[in-house]
Number of protein chains: 2
Amino acid sequence: MKKSVTIKDVARETGVHVATVSRALSPNARALLSAEVVAKIRETANAMGYRPNRIAAGLRTRRTMTVGVMIPDITNTLFPPIVRGMEAALEPAGYASILVNTDNDPDREARLFDVLLQRGVDGIIDAAVTHMDPHLERISREVPIVTANRMVEGSGIPSVINDDAGGIRMMMQKLHDAGHRNIGHIAGPKDLSTGIQRREAFEAAAKGLDLKVSDTAMVVAERYNEDEGNRCALSALENSPDMTALLCANDRLAIGAVDAVASLGLKCPEDISVTGFNDIPFLDMIPPGLTTVQILQFDVGRIAAEILLKRMTEPDARVPETTIMPVSIIERNSIAPPRSGRGSKTRTARQSRKKTQG
Amino acid sequence: MKKSVTIKDVARETGVHVATVSRALSPNARALLSAEVVAKIRETANAMGYRPNRIAAGLRTRRTMTVGVMIPDITNTLFPPIVRGMEAALEPAGYASILVNTDNDPDREARLFDVLLQRGVDGIIDAAVTHMDPHLERISREVPIVTANRMVEGSGIPSVINDDAGGIRMMMQKLHDAGHRNIGHIAGPKDLSTGIQRREAFEAAAKGLDLKVSDTAMVVAERYNEDEGNRCALSALENSPDMTALLCANDRLAIGAVDAVASLGLKCPEDISVTGFNDIPFLDMIPPGLTTVQILQFDVGRIAAEILLKRMTEPDARVPETTIMPVSIIERNSIAPPRSGRGSKTRTARQSRKKTQG
DNA sequence: ATGATTTGCGCAAACGATTGCATGACCGTA
DNA sequence: TACGGTCATGCAATCGTTTGCGCAAATCAT
């Protein structure tokens, strides 16, 4: 459209060389110039509506002041607060972010890495890594990377994650305190670090509390969504008649699980207690009000961005390899003591459903 | 970190000039070369792991294959689906997007326009415009712009919006059909086109149905959020005792309104019917299940992106100035016939509340 | 065989900024 | 007065790619 005013135009206008203009406009080099020239140049630059072209600068300096942000899917309400957290750190430092959605598809992820690198991003925050990511280490040799919310173990790539283990442990304790001795688990996808770590934590906590969990009471979801939560909960409930509580690896699974409970003619929490993880937005408004592990979504993003900033500006600076953010339990209404005599009632409910189905 | 392989390296390796490499790699110019050279160059380029530097290309061509996306706040669940819709059109066309949040702050918006233009975006999709946006026309002379979900009237800037008027009209009809004759409105912010258009549609529909709405039954919110919904609903309910239904300009206001109804000791929908607009994610799970106007969030983003694509690739192409997307009513459980004898019951409820407060 | 076209590729100038080095003016000192 | 040293600014190369233009060789028409 309209061609914009360049450093050259400002130079011609003020009667100095372009190098002088460049220096006058650069905070670092400004000191090399006399105060009057700097003032004059900045004035006319403003008057002419000069806007630095970071593309041109980036070509020379190899810094674009742009970072790449990879997330699985922005419509998953877990991620927007994380993204805002990143922006909160990045924007004041002068960085903008290119945002891409991987849909948890490794091929797509590979293409998107290229998309980012072609555009010369100065760094990448990856909130979409899979547990054994094939690309990450290669990419991390080209540009600084920090993973957020998830990690790839043993990679040496800095990550900011939540205290998954602690959250699960606390939640198990809560259920135990309420009287539950037969607790099931809907685990997250086995290729995501959160799925793995929460599952391991579940098993460790069960052992610590001296609970045995049958194979049928633990079922792992393919994806973190409501349908999978429903499917897995149905499976667990049907095959583990004595189970009185379902600890789910995240809120969306838990929402699906609550539906499953209802579809079996049972009630949450009276018949089955259900718990979530993450405390996503609006969760408090959805009945029965899931008791969940609250993570600091915004701060996970913010801290990840801060670590990336450090790595970008001081490549030799040492940054913590994994930062673990604290979690807390939000108590709502999805935990109740196990119903006495629940076993028999449940069994009939389940049988009646099976009958109508088969 | 590691310096990457350039067109020059490929040229040296294959023994041709850089210009030849450039042509061999460009889909348009490829025809100028013999098939063998092209094949050889592409092969070795691949083998060497050549990755085009779009920054350098962009400097020359003034096209970065990057667009800017402005939204008010990505944590507002209305926007993620819109953003995904944009991406669905943009990514296949080779564009990546820089996403920024304005928080509906004009100063911030102005800064962010600069952030985008400095990075040489080829176009901007603006889902954060205010009704009389001071920057937009100036910016639109530098780079193609399309507004999404909102518009700035009379600007000539292409926009993709929803059939706000139609949605409101249909919803008014629904309430009228249910027997409501005394309907209030919580209007959206008066500096947003959605707020204005929905309010005007409300007034027009009321007139069309021969309903009078008292001043007190229509209150305009400062922002689209639950707290404002609550505050405005309280005001309307307290000052309009005969009102039996509240048509809200969006879902978040409606959620707040439902809370307000409850806090007055009334029930929705038995005592007061409440309706929303947008059908944001998870709305179906929040009691009592708001009847709302569903908009095609994903498609609004997608179509806006498609129009922008057209404007970017064919600057002289004519595009529709405003595209209006169809809406539909999603019926849930927040509309009921007005309760007979509701007036008196309500009045007592309100008075008792006033008593405890004042 | 000659001239006119076409084909295939190289040359070099851009694009807008940054930055190491050179240069000239000015100062103080010997 | 000459000399060394600062200080402020100019010069020109550079980043990686694209592209108008030119040139030589190949092809064609006559």
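Please read these numbers as outputs of a predicted model, since none were measured by experiment. Letters go in sequence order (proteins before strands), and every chain restarts at 1.
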Closest to the A/N53 side chain, choosing from D/dA12, C/dG16, D/dG20: C/dG16
Closest-nucleotide 5' rank along DNA chain C - winner of B/A31 and B/A56: B/A31
B/A19 side chain, from C-beta outward: closest of C/dC11, C/dC9, C/dC15: C/dC11
D/dT18 OP1/OP2 closer than 4.0 Å to side-chain N/O of B/S22: yes
B/R51-B/S4 side chain donor-acceptor pair, cut-off 3.5 Å: no
Nearest-neighbour nucleotide for the B/R60 side chain, D/dC21, D/dA12, C/dC15 considered: C/dC15
B/Y50-B/T6 side chain donor-acceptor pair, cut-off 3.5 Å: no
C/dC9 phosphate, OP1 or OP2, under 4.0 Å from B/H17 side-chain N/O: no
Pair A/D122 + A/R62, salt bridge at N-O below 4.0 Å: no
Distance, rounded to the nearest Å, where A/R62 contributes CZ and C/dA17 contributes P: 18 Å
A/R51 or A/R23, whichever maps to the more 5' nucleotide of DNA chain C: A/R51
Residue B/T6, side-chain heavy atoms: nucleotide from D/dT9, C/dA17, D/dT17 that is nearest: D/dT17
Candidate nucleotides C/dC11, D/dT18, D/dG16, ranked by approach to the side chain of B/T61 - the nearest: D/dT18
No-hydrogen, no-angle side-chain donor-acceptor test under 3.5 Å, A/E109 and A/H135: no
Contact under 4.0 Å: A/T20 side-chain N or O vs D/dG10 OP1/OP2: yes
Contact under 4.0 Å: B/S34 side-chain N or O vs C/dC9 OP1/OP2: yes
For atom NZ of A/K8 and atom P of D/dC11, their distance in whole Å: 13 Å
